[in-house]
Amino acid sequence: MSPTVRVLGPYRFFFYSGDLNEPPHIHVERERATAKFWLEPVSLAASRRFPAHELRHLEEVVHTNANVFLEAWHEFYGR
């Protein structure tokens with residue numbers, strides 16, 4: 001299961017249900033490109049197929065929405 005937290009333009013922000021044992025983070029995908037961002041503090045954890053300029057943009061988007069993503073993380077996985 002991978003619940004979608006938010007869709008912004010071509011990007012889907014989501015969790016994988018098996019990620020419970022990792023620190024809070026969000027996955028993002030667009031077509032075949034994927035990335036993972038830690039939420040506390042916001043930083044890029046991994047990426048595939050996103051160009052550098054798009055990753056910089058996505059990091060800003062994650063930073064802007066970090067509170068929403070953290071709230072969704074804690075709601076989904078429990079505190």
Residues pairing under salt bridge (charged side-chain N to carboxylate O under 4.0 Å, His left out) where one sits in residues 50-70, two or more places apart or in two chains, turn out to be Arg30-Glu54
For Arg6 and Ile26, what are the C-alpha separation, side-chain angles and deciding distance, and is it a side-chain contact (heavy atoms from CB on, under 4.5 Å)?
-> CA-CA 10 Å; Arg6 184 164 273 187; Ile26 193 80; over 6 Å; no
inquiry  = Is the ring pair Phe14/Tyr16 parallel, tilted or perpendicular, if the boundaries are 30 and 60 degrees?
reply    = perpendicular
Heavy atoms of Tyr77 and Ser17 approach each other most closely as CE2-O, 3.6 Å
Between Val28 and Phe37, the two heavy atoms sitting closest are CG1-CE1, 4.0 Å
Close side-chain approach of His25 and Trp73, heavy atoms under 4.5 Å:
yes
From the list Leu8, Val42, Leu39, side chain to side chain contact (heavy atoms under 4.5 Å, CB included) with Asn65 holds only for Leu8
Looking only at heavy atoms, the pair that brings Arg12 and Thr4 closest together is NH1-OG1, 2.7 Å
Practice task
Give the ring-plane orientation class for Phe13 versus Phe69, where under 30° counts as parallel, over 60° as perpendicular and anything between as tilted.
Solution key: parallel
In short, side-chain hydrogen bond (donor to acceptor under 3.5 Å, both in side chains) pairs touching residues 40-49 with sequence neighbours left out are none
- Query: If you count the non-hydrogen atoms of other residues, nucleotides and ligands that lie under 6.0 Å from CD in Glu22, is the total more than 12?
  - Reply: yes
Requested in this report: For residues Leu58 and Phe50, determine if any side-chain heavy atom of one lies less than 4.5 Å from a side-chain heavy atom of the other.
Outcome: yes
